[in-house]
Amino acid sequence: MKVVVLTGPESTGKSWLAAGLQERFGGLRVDEYVRWFMEQNPRDTCLNDIPDIARGQLQWEDHARAQQPRLLILDTHLLSNILWSQTLFGDCPTWLEPELLARHYDLHLLLSPEQIDWTDDGQRCQPQLSARLAFFQATHDWLEQHKQPLQIIQGDWDQRRVQAFEAVARLLAD
């Protein structure tokens, strides 16, 4: 089983690419639990919600892993929970990072916020490019610090699709 994670700031095409990768290569896709959580709990999310959101994401991921697909595509993983918790609340449950590091990921596709427009979908909160760039850098720094395999995806929508498809094709050929 190869596990690919789409990560990075909001409004960079993660969900769109996850769906495209699944359509092109098959496998299982795990969506972003926090979106479901926010739809079920239509209020401002708080620090006390982070453990429930993280556990929900892990349950979805672990359920998919148990099915042993050839390709597992994660629209996000705990790193986003960690960074959003720190960004929004200045704190994060300490168990999230060890839980994240206990899992194996074959490739992180880190999406840049540059060269595309931010789109408001009612759940997003970083319309400023500078904020999204800071989130991108924090993601990059964490992945590098923990020696996680990554490829930066950038450019317009077509370029992003080509880069992501080529990266996953290489991964599956190994």
Side-chain angles (χ1 to χ4, degrees), residues 1-23 25-111 113 118-127 131-132 134-136 138-143 145-146 148-150 153 164 168:
M1 174 174 63
K2 299 291 185 177
V3 183
V4 175
V5 181
L6 290 108
T7 192
E10 64 185 24
S11 196
T12 55
K14 295 182 297 291
S15 298
W16 168 74
L17 276 175
L21 289 169
Q22 183 183 34
E23 182 179 317
F25 297 102
L28 284 178
R29 183 180 83 229
V30 176
D31 292 325
E32 212 176 355
Y33 182 85
V34 69
R35 290 193 161 277
W36 180 86
F37 181 90
M38 291 173 73
E39 289 168 4
Q40 302 304 306
N41 301 280
R43 58 174 168 71
D44 287 343
T45 305
C46 64
L47 180 59
N48 289 335
D49 292 325
I50 298 301
D52 290 336
I53 292 167
R55 283 187 197 99
Q57 190 69 49
L58 287 175
Q59 286 174 351
W60 283 10
E61 179 181 329
D62 289 345
H63 177 75
R65 282 179 181 269
Q67 297 176 56
Q68 290 291 304
R70 177 175 172 253
L71 176 63
L72 178 58
I73 304 161
L74 304 177
D75 188 344
T76 192
H77 66 0
L78 286 187
L79 180 55
S80 290
N81 298 129
I82 292 168
L83 295 176
W84 274 113
S85 185
Q86 292 169 343
T87 298
L88 295 175
F89 311 117
D91 198 7
C92 180
T94 57
W95 62 268
L96 267 67
E97 186 171 84
E99 194 70 36
L100 174 59
L101 290 170
R103 288 170 164 71
H104 174 78
Y105 302 98
D106 294 289
L107 178 62
H108 293 81
L109 299 178
L110 174 56
L111 280 69
W118 180 83
T119 303
D120 187 2
D121 69 355
Q123 291 187 353
R124 295 179 177 148
C125 64
Q126 288 188 322
R132 294 190 316 280
F135 195 94
F136 173 86
T139 306
H140 184 269
D141 291 349
W142 190 95
L143 292 169
Q145 177 186 354
H146 295 283
Q148 297 294 306
L150 77 110
I153 303 295
V168 172

Look at the aromatic rings of F136 and H140 and report parallel, tilted or perpendicular, splitting at 30° and 60°. parallel
Just wondering, are more than 12 heavy atoms of other shown residues or ligands nearer than 6.0 Å to CD in Q40? yes
Full working for salt bridge (charged side-chain N to carboxylate O under 4.0 Å, His left out) between R43 and D49: CA-CA 11 Å; R43 58 174 168 71; D49 292 325; 2.7 Å; yes
Would you say the rings of F89 and W84 are close, in the sense that their centroids are separated by under 6.0 Å? no
Scanning both residues in full, the closest heavy-atom pair of P69 with A64 reads CD-O, 3.4 Å
Counting C-beta onward and ignoring hydrogens, is there a side-chain heavy-atom pair between P113 and F135 closer than 4.5 Å? no
Got a donor-acceptor contact below 3.5 angstrom from the T12 side chain to the P9 backbone? yes
Rounded to the nearest 0.5 Å, the CG atom of L96 sits from the CD atom of Q86 at a distance of 9.5 Å
Q148 side chain to H146 main-chain N or O, any donor-acceptor pair under 3.5 Å? yes
Please tell me whether W142 and E97 have a donor and an acceptor in their side chains that are separated by less than 3.5 angstrom. yes
Between atom NE2 of H77 and atom CG of L79, what is the distance when rounded to the nearest 0.5 Å? 5.5 Å
Residue D141 excluded, over 12 heavy atoms near CG under 6.0 Å: yes
Answer yes or no: is there an ion pair linking R35 with D75, defined by an N-O contact shorter than 4.0 Å? no
Can you spot which of V4, V3, I153, V5 makes a side chain to side chain contact (heavy atoms under 4.5 Å, CB included) with H108? V5
Tell me, with the steps shown, if E10 and R132 meet side-chain contact (heavy atoms from CB on, under 4.5 Å). CA-CA 7 Å; E10 64 185 24; R132 294 190 316 280; 4.2 Å; yes
side-chain contact (heavy atoms from CB on, under 4.5 Å) assessment of S15 paired with D31: CA-CA 7 Å; S15 298; D31 292 325; 6.0 Å; no
Carefully, step by step, assess T45 and L88 under the rule side-chain contact (heavy atoms from CB on, under 4.5 Å). CA-CA 9 Å; T45 305; L88 295 175; over 6 Å; no
Is there a side-chain contact between T7 and L109, using heavy atoms and a 4.5 Å cut-off? no
SG-CD1 distance between C92 and I50, expressed to the nearest 0.5 angstrom: 7.5 Å
Closer than 3.5 angstrom, by distance alone: can the side chain of Q57 be matched with the main-chain N or O of Y33 as a donor-acceptor pair? yes
Distance check, rounded to the nearest 0.5 Å: D106 atom CG versus M1 atom CE? 8.0 Å
Pair K14-E32, salt bridge (charged side-chain N to carboxylate O under 4.0 Å, His left out): steps then yes or no: CA-CA 10 Å; K14 295 182 297 291; E32 212 176 355; 5.9 Å; no
Of the options T76, I73, L110, which is the one that meets L6 in a side chain to side chain contact (heavy atoms under 4.5 Å, CB included)? I73
Between L150 and L107, is any pair of side-chain heavy atoms under 4.5 Å apart? no
Side chains of Q59 and H63: do they bring a donor and an acceptor to under 3.5 Å? no
Could you check whether R65 makes a cation-pi contact with Y105, meaning its NZ or CZ is under 6.0 Å from the centre of the six-membered ring and within 45° of the ring axis? yes
Separation of N81 CG from L58 CG (nearest 0.5 Å): 8.0 Å
In this structure, CG of L28 is separated from CG of L74 (nearest 0.5 Å) by 10.0 Å
